[in-house]
Amino acid sequence: MSFALLEKQVQSLPQELQNSIEMYALFVINQFKNASKKNEKKRSASEIIENLTGILEEHAPLTMKEVRAERLKERYGV
């Protein structure tokens with residue numbers, strides 16, 4: 001359904017119902033904006049995993065990138 005058609009159908013409703021629909025639409029938009037702002041502050045899971053460290057048969061901690069590179073080297077000689 002196009003926005004223009006939806007708008008015409010809403011305009012044919014009683015004013016009180018139109019106001020309720022408008023308030024609900026604004027509520028949904030604000031919820032989306034607030035959720036987007038909160039998510040901007042969070043790092044992605046892949047970024048967090050990439051930076052995890054651990055001990056794997058070595059005495060120095062390794063990042064996930066280093067572990068991946070080491071395993072690729074062992075497997076493919078890269």
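This is a predicted model, so every value here is computed, not measured.
For the atom pair CD (E74) and CZ (R71), the distance works out to 8.0 Å, reported to the nearest 0.5 Å. A distance of 12.0 Å separates CD of Q31 from CG of L26, quoted to the nearest 0.5 Å.
In this structure E16 satisfies the side-chain contact (heavy atoms from CB on, under 4.5 Å) test with no other residue, sequence neighbours excluded.
Applying the side chain to side chain donor-acceptor pair (under 3.5 Å) test to residues at least two apart or on different chains, the pairs with a partner in residues 18-27 are Q15-N19.
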